[in-house]
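Contents: one structure, followed by commentary.
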Amino acid sequence: MKQTVAEQIHDLQKKLTEYAYAYYVKDQPVVDDAYYDQLYQQLVALETAHPEYQTSDSPTQRVGGVVRKGFEKVVHEIPLYSLNDVFSKAEIIAFDQRVQKTLGHAVSYICELKIDGLSISLKYENGRLVRGATRGDGTIGENITDNSKTVKSIPLTLTEPIDIEVRGECYMPKASFIQLNQKREEEGLDIFANPRNAAAGSIRQLDSKVTASRNLSTFLYTLADFGPLHVTNQAEALTHLDDLGFRTNQERAVCSTIDDVWAYIESFHDKRSQLPYEIDGVVIKVNDFSDQNQLGFTVKAPRWAVAYKFPPEEAQT
Ligand SMILES: NC(=O)c1cnc(N)c2cc(Br)sc12
């Protein structure tokens, strides 16, 4: 039986959302670009002819159209923390000894790559993206909701209709950075010094069409407001982020000893230049959340995590 217009639109929205998830979140394209674009144009035509069926979470609603004079301020109810940096194995051992002394027992750590981008916070209500914000000073950030919607790896709708807030890094892949600077050089524009500056300049664009053109991506890594989720450790939290539809970094590893942590760090000293995104270190966190709560925070940073920093990579070619 012939589909109604509403059914056709819903079917296209569902297909395009699934295809975009596979491509931008899982890095596993299921259709080629030409077929995706063909369906996308069909959906734009149908939604334009029948706006009553256009929903705010349709894939067509990501494209920037807003040009702002500035960014509204956002207060982070749950402040974004910063990390204490360490630069040697000896400092990591000292960190582990402080942790064990405070807790009175040994712990497992989770190692995650430290992405060289711009920290963002994403707020969802009933599973819908309602706010995107920059870190700012950790307490006051900028409202970049329009620009966040143009970042294809940021889900407009989660797989569960829940209220949560998550944090992560918005970054520009190395290949996109090189392409962007080549284009800017041809146009006689200043080039960006590194992918981090390019990502920051792109997500903080007043014209969200420009943001949409910059091929930004994300890795989410913190459940700030867990909402209804019951999670006991960071490894589980990352699995929940995956299940909800977020893009997380798959290089993470749970390590039961500092020697395993150091082996992970050394392995990425070598692999770092092969990654399609820039990293500036490894974040080492106590994995268990009850241990994290017991360790708490200093004025600016958690006592349950440190950032091991790599030496700066050679200059951008
Ligand atoms: N995986 C993580 O926790 C992580 C990754 N990349 C980063 N730039 C940061 C910064 C903080 Br603060 S945490 C973190």
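In this chain, numbering begins with 1 at the start of the sequence shown. Computed from heavy atoms alone, side chains included, the values below leave out hydrogens, waters and symmetry copies. Note that ligands are numbered from 1 as they come in the structure, with each ligand's atoms numbered from 1 the same way.
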Which protein N or O atoms sit under 3.5 Å from any N or O of ligand 1? Give each pair with its distance.
from     : atom 1 : to     : atom 2 : distance (Å)
ligand 1 : 1 (N)  : Glu112 : OE1    : 2.7
ligand 1 : 3 (O)  : Lys285 : NZ     : 2.8
ligand 1 : 6 (N)  : Ile115 : N      : 2.9
ligand 1 : 8 (N)  : Ile115 : O      : 2.9
ligand 1 : 8 (N)  : Glu169 : OE1    : 3.3
ligand 1 : 8 (N)  : Glu169 : OE2    : 3.4

Ion pair present between [X] and [Y], side-chain N to carboxylate O less than 4.0 angstrom?
X: Arg68; Y: Glu142; answer: no
X: Arg131; Y: Asp225; answer: no
X: Arg303; Y: Asp291; answer: no

Exercise for the section: To the nearest 0.5 Å, tell me how far Tyr221 OH sits from Glu112 CD. Expected result: 9.0 Å
Exercise for the section: May I ask you to test the Ile92-Ile265 pair for a side-chain heavy-atom distance under 4.5 Å? Expected result: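 In short, these two side chains touch, coming nearer than 4.5 Å.
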Practice task
Please determine if Lys174 forms a cation-pi arrangement with Phe177, meaning its NZ or CZ atom is less than 6.0 Å from the six-membered ring centre and no more than 45° off the ring axis.
Solution key: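 No, Lys174 does not sit over the ring of Phe177.
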